[in-house]
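Below: one structure, written as structure tokens.
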Amino acid sequence: MPEAAVHLGSGKVRELYDLGDDRLLLVASDRISTFDVVLPTPIPDKGRILTGLSAFWFARTRHLAPNHLLELRSDGRSLECRRLEMLPIELVVRGYLSGSGWRDYRVAGEVCGHRLPDGLRESDRLPAPIVTPATKASSGHDLNVSEAEAAELCPPGTYETARAAALDLYEFAAARAEAVGVIVADTKFELGLDADGTVVLGDEALTPDSSRFWPADGYTPGGPQASFDKQFVRDFCEETGWDKTDPGPELPDEVVAGTRQRYVDAFERLTSVPFERYLTDPRVVL
């Protein structure tokens, strides 16, 4: 770490440093969180997988929305980025009915104010992708809000621009992923404003931490799906009877290995790059 770098804070997964000149350094650790609690057991190489996938998507979606990436460092887990004024919301784009969306639909027939057709099953593809914003909690759970409420939290006109960018990014990535056998059921985007007031994609993009990835060859709507994300860890944690408060349970070796393999599988399918090659030359994803 350069001596000039000033540590600004720690997230559930990333460490944030100030490099000066309106540049930030995001370093992805191997920590994993579930139910908003960081678990005591890391997943080897997880931070490199998140960083490599984010860089891969940042490099391929600039024509849809500008992003904050300046440089991918040789350690494979650090991104130099432009400083942004982040919007106080995150935008989840859902193309399939799963997770909290499925739970809400069963109760009310809608998801975050989006009325959906009757008779949908768990994991069904939606007629069209929907955007479900949420406020970003500094601790605890994020809070789903309506699109009207989200727009009120952002500078005038900003939400509409961010929403359009999120939909464009999802549709591009979902089509590209489907071509290599991966379904992007849903994904989260965080956007901010640069010094000129332009809406810019920040944080991470289309990783197993921020997305629900399913193998297309095993997709069968009507129930939960096999996944390349941290659902494997969530399922283990649920089975322990843990009350979902800190501290979380230690992960056994087989869950660690299974989670790492799922993340590596997602990386290799989406990028068509062997993960071992990325470890020796991270710039291969750019």
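Quick note: numbers below take in every heavy atom, side chains included, and nothing from hydrogens, waters or symmetry partners. Fair warning: this is a prediction, and the values are worked out from it, not measured in the lab.
Within 6.0 Å of the CG atom in D246, the count of heavy atoms belonging to other residues, nucleotides or ligands exceeds 12. Environment of CZ in R106: crowded, with over 12 heavy atoms of neighbouring residues, nucleotides or ligands closer than 6.0 Å. A 6.0 Å sphere centred on CZ of R62 holds more than 12 heavy atoms belonging to other residues, nucleotides or ligands. Around CD of E85, the count of heavy atoms belonging to other residues, nucleotides or ligands within 6.0 Å does not exceed 12. Within 6.0 Å of CG on D253 lie no more than 12 heavy atoms contributed by other residues, nucleotides or ligands. Under a cut-off of 6.0 angstrom, the local environment of CZ in R277 is sparse, with at most 12 non-hydrogen atoms contributed by other residues, nucleotides or ligands.
Proximity of L116 to E110: side-chain heavy atoms (C-beta onward) are nowhere separated by under 4.5 Å. Two residues are said to be in side-chain contact when any heavy atoms from C-beta on lie closer than 4.5 Å; L24 and L84 fail this criterion. A 4.5 Å side-chain heavy-atom check between S123 and W214 finds at least one atom pair inside the cut-off. Within the 4.5 Å cutoff, the side chain of S98 has no heavy atoms near those of the Q231 side chain. Taking 4.5 Å as the limit, some side-chain heavy atom of R176 sits within range of a side-chain heavy atom of W57. The side-chain heavy atoms of V285 and L72, taken from C-beta on, include a pair separated by under 4.5 Å. Between P249 and L39 the shortest side-chain heavy-atom distance falls below 4.5 Å. Contact annotation: the side chain of L126 never approaches that of Y105 to less than 4.5 Å [non-hydrogen atoms, C-beta and beyond].
Not less than 6.0 angstrom separates the ring centroid of F56 from the ring centroid of Y278.
Using a distance-only test at 3.5 Å, with no hydrogens or angles considered, a donor-acceptor pair links the side chain of T207 to the main chain of D209. Of the possible donor and acceptor atoms, none in the side chain of K230 sits under 3.5 Å from a partner among the backbone N and O of P208. In terms of modelled atom types and a separation under 3.5 Å, the side chain of R121 and the main chain of L97 share no donor-acceptor contact. Panel note: side chain W102, backbone D124; no donor-acceptor pair is recorded below 3.5 Å. Remark: the backbone N or O of T198 is not paired with any side-chain donor or acceptor of D196 at under 3.5 angstrom. Although no hydrogens or angles enter the test, the distance criterion places a donor-acceptor pair under 3.5 Å between the side chain of H114 and the main chain of V131. A donor-acceptor pair under 3.5 Å is absent between the side-chain atoms of D168 and the main chain of L64, judged by distance alone. Q225 contributes a side-chain N or O that, together with a main-chain N or O of G223, makes up a donor-acceptor pair within less than 3.5 Å. At distances below 3.5 Å, not a single donor-acceptor pair connects side-chain atoms of S54 with backbone N or O atoms of T51.
Judged as a ring-ring contact (aromatic ring centres under 6.0 Å, His included), the pairs with a partner in residues 147-190 (not counting sequence neighbours) are, in order, H63-F172.
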Next on the checklist: If you apply the rule side chain to side chain donor-acceptor pair (under 3.5 Å), what do you find for D243 with T245, and how did you get there?
Outcome noted: CA-CA 6 Å; D243 64 2; T245 61; 2.7 Å; yes
Checklist entry - What do the steps show when you test R94 against S100 for side chain to side chain donor-acceptor pair (under 3.5 Å), and what is the final call? => result CA-CA 11 Å; R94 303 175 187 268; S100 64; 3.3 Å; yes
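The line from CG of N67 to CD of E204 is 13.5 Å long, rounded to the nearest 0.5 Å. Distance check, rounded to the nearest 0.5 Å: CG of L87 to OG1 of T135 gives 13.0 Å. With rounding to the nearest 0.5 Å, the separation of CG in D45 from OH in Y263 is 13.0 Å. In this structure, F213 CZ and L53 CG are separated by 6.5 Å, a value rounded to the nearest 0.5 Å. With values rounded to the nearest 0.5 angstrom, E149 atom CD is found 7.0 Å from E152 atom CD. For the atom pair OG1 (T220) and CD (E122), the distance works out to 12.0 Å, reported to the nearest 0.5 Å.
The aromatic rings of Y96 and Y219 lie perpendicular to each other, with more than 60° between the two planes, well past the 30° mark.
Between the side chains of D229 and S227, a donor-acceptor pair is found at a separation under 3.5 Å.
Residues V284 and F267 fall within the same hydrophobic cluster, defined by Ile, Leu, Val, Met, Phe, Trp and Tyr side chains chained together at heavy-atom separations under 4.5 Å. Placement of V38 and V233 in two distinct hydrophobic clusters is found when ILVMFWY residues are connected by side-chain heavy-atom separations under 4.5 Å, directly or transitively. Under the 4.5 Å side-chain heavy-atom criterion for grouping Ile, Leu, Val, Met, Phe, Trp and Tyr, F35 is connected to V256 within one hydrophobic cluster. No chain of hydrophobic side-chain contacts below 4.5 Å, direct or via other Ile, Leu, Val, Met, Phe, Trp or Tyr residues, connects V200 to L193. Cluster annotation: L201 and L50 are assigned to the same hydrophobic cluster (Ile/Leu/Val/Met/Phe/Trp/Tyr, side-chain heavy-atom contacts under 4.5 Å, transitive).
In terms of heavy atoms, G101 sits closest to V111 at O-CG2, 3.3 Å. Of all heavy-atom pairs between F236 and P252, the closest is CZ-CD, 3.3 Å. Across all their heavy atoms, P117 and L120 have their closest contact at O-CG, 3.5 Å. For the pair A55 and L79, the tightest heavy-atom approach, listed with the atom from each and the gap, is CB-CD2, 4.3 Å. Residues D203 and L26 come closest through the heavy atom pair O-CD2, 4.3 Å.
One finds a salt bridge joining E190 and K188 here, because a Lys/Arg side-chain nitrogen approaches an Asp/Glu carboxylate oxygen to under 4.0 Å. One finds a salt bridge joining R212 and D186 here, because a Lys/Arg side-chain nitrogen approaches an Asp/Glu carboxylate oxygen to under 4.0 Å. Between R31 and E15 a salt bridge is recorded (basic side-chain N to carboxylate O distance below 4.0 Å).
Residue D30 forms a side-chain hydrogen bond (donor to acceptor under 3.5 Å, both in side chains) with just one option from R77, R48, R260, K46, and that option is R77.
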